[in-house]
Amino acid sequence: MGYHLCEKCVKHSKAEDMFSDRRWRVGDIRSTAEFCPYCALVWQSVSTLLSDDGVFPGEERSDDDSIQVWEPFGVEGGSSARRSVVYHSHKAGQGVELSVFRVPIEAPARRISRLSPLAPLRSARYQSPIPLEDDETALFLRKRVPTRFLLPGSTQSEASITQTKSWLKECLEAHHLKCSPLPGHQLRPTRLLHIRKSFLTYKVRLIEPRDKVDYLCLSHRWGAGPTNYTTTKANFSKRRAGIPWHTLPILFRHALEFTHRLGEEYIWIDSLCIIQDDETDWSQEAEKMAGIYSNSKLTLAAAWAENSHEDMFHSPMKRVMGLKVSGVEKFGITDDIYVRAMPPHQLERFQLLRRAWIYQERLLSPRFLLFSPTELIWECNTKVCCQCSGSDIVSERGIGETTEGRFAKASFWRGVDWDKENKTFNLKWKGFTWNMIVQEYSNYGITYRKDRLPAIAGMAKYYRRLGQDGEYLAGLWKNTFFENLLWHSTTRSASKARPAEWIAPTWSWASAAEGVRFFGQLWIGLEVIDRVKLVDARCESVHGDEMMKLKSGFVTICGPVFPAVLRLKEEEGKEEKTYVLEAEGVTPQTFDADYDFSVPGDFHIQPDSEVFGMEVANVTIYGDDGFGMHSVVLRKLASGKYERVGVAEWREDIRKVSDAAQVVEVTIV
């Protein structure tokens, strides 16, 4: 019998869009796999993975199950973009994502480690599945079977150490201006841990370095569990002499071991290098956080550990490491083809990266090494790599996935340029980029609300060094104040009462119960109107640092203010109360309350209460057809001052009201 592509695969070979039908019924692909090389490749790969214990027992599989190929448009097989096959079991009601790949062979003239991120790019001779009969079929298969690497047995293996050294060497020597310390802002940590090996054990002590040394950092979750391992005023002196190895939690021991195996001697761990029961020391070291992380050589990130008492190292299951596929030899496919369950590259799902304190550690560190459940993932200011693909994975996206938060580091650095002449960095879009930082950060978890400003203070200091000048005002910048002011609470945040604990004025995003979002994209023009001015702004800090905890704050703004009314909109069948805004019979396109007005207490707002809109900016999308006026919504207090309670976007029909608005000064607290 002659082997050739089936009708569906022929259609795929000519399709130019990524959304063409690439879904098979299992019963159908089993039939076409008898003569179609690609169907055989997909089916044999799926069968190989399903034969592994724990992946859909036989009773959960049937001919009515489906197989879908995810294939990004216009991507060749050697690219890093995500290619996968998804098997969906109808009985189980879920699916498993597979990666089908081939491993590059090293050229004998110049051996390159298979673990090197440059291996797919230099001197490597690729395996190319070439059916004997049909060059067109060979080309079709070659484009759809990417080159990848088999995963080592553990993230603590010698192969993982070698890979890390390779990534580190490339970053330090080859690329990366954006991964270098800021000129004139190099800092030496007050304390570091010194690690050395003596016979069969490691020796650790707390030191205060006098000279500049290379050091690593550890990024981890404190979580629940005992914290008797921390440095305190009582044990500080003893720790300078030495810290018994067995007294350290397993996560710290792993980090220290990995540091030593990389050939490094020093590492900074917050709970050991800061005196935890000394408020003065804690405040001083917290102020240095930006410099500590941004001047480190590498940060180790325990992505999967819930606390310090869990392992940093992990070993992937066999089906994730890679299983060899058989049964395709008859088509002339002589290369070794492998299949594995897709390693998790959804960085936004790693619990460590969902924590607010970790966010700035990640962005500030020039190099960030994630210890995932299956492999190491490298993230520097220039690229993102993993052990399974070996190359840049920023372009990856699987079926139905978004990439929000996944490549936060890469996204941030796209907004930063290097000025060769002045040898400094320049921010491209100061207001917009800061809004995106706040949007992402504010939606991450934090144990104590009082830390919302301190936990981003390091990033704010670094942002200033990158070129954001002007005063810092409770999480906003004076020079881009009105751009930063137009935040709105997320649905989750707006459904809660305004917090009783004061940590920031109401005009600051830090006052929201939880996360916030901002309107706008770079391609949408948001223009602050000429009639609105920032007259005065003051924030009083607790410890004298404007970026840390605050005692009070206010702004005085001069701008066009118009009266409005909050109406209660009751919808049949819904228990929650919805407030709508109205100004002289005009309702906005959207009105986002900062919190739930219906909750009894000091911040409760009765239906039909008077509020005020202050026009801040206009948005024009695609010319004059998409006009939108943005206003903050204010409530007047008994003191005569105002508090912010929401933000609204209005259509064209508000122009008459806004044009007639009086320009007045209001003080917002």
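The first residue in the sequence is number 1, and the count goes up from there.
Across Lys461, Lys551, Arg464, Lys478, a single residue satisfies salt bridge (Lys or Arg N to Asp or Glu O under 4.0 Å) together with Glu546, and that is Arg464.
The heavy-atom pair separating Trp650 from Val586 by the smallest distance is CZ3-O, 3.4 Å. Taking each heavy atom of His220 and Ser271 in turn, the nearest pair found is NE2-OG, 4.5 Å. Minimum interatomic distance between Trp413 and Leu363 (heavy atoms only, all atoms of both residues): NE1-O, 4.2 Å. Leu634 approaches Met614 most closely through the heavy-atom pair CD1-CB, 4.5 Å. The minimum heavy-atom distance between Ser511 and Pro505, with the atom names listed, is CB-O, 3.4 Å.
Between Trp429 and Phe432, the angle of the ring planes goes over 60°, which puts this pair in the perpendicular group of the 30/60° scheme. Ring geometry for Trp477 against Tyr463 counts as tilted: the plane angle lies between 30° and 60°, on a 0 to 90° scale. Ring geometry for Trp268 against Tyr293 counts as perpendicular: the plane angle is over 60°, on a 0 to 90° scale with 30° as the lower cut. The aromatic rings of Tyr441 and Tyr359 lie tilted to each other, with the angle between the two planes from 30° to 60°.
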Next on the checklist: If you apply the rule salt bridge (charged side-chain N to carboxylate O under 4.0 Å, His left out), what do you find for Lys636 with Glu610, and how did you get there?
Outcome noted: CA-CA 9 Å; Lys636 193 170 186 178; Glu610 183 181 47; over 6 Å; no
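For the atom pair Glu643 CD and Asp594 CG, the distance stands at 9.0 Å (nearest 0.5 Å).
Between the side chain of Tyr579 and the backbone N or O of Ile605 there is at least one donor-acceptor pair closer than 3.5 Å.
Geometrically, Arg517 does not engage Trp509 in a cation-pi contact defined by less than 6.0 Å to the ring centre and at most 45° from the axis.
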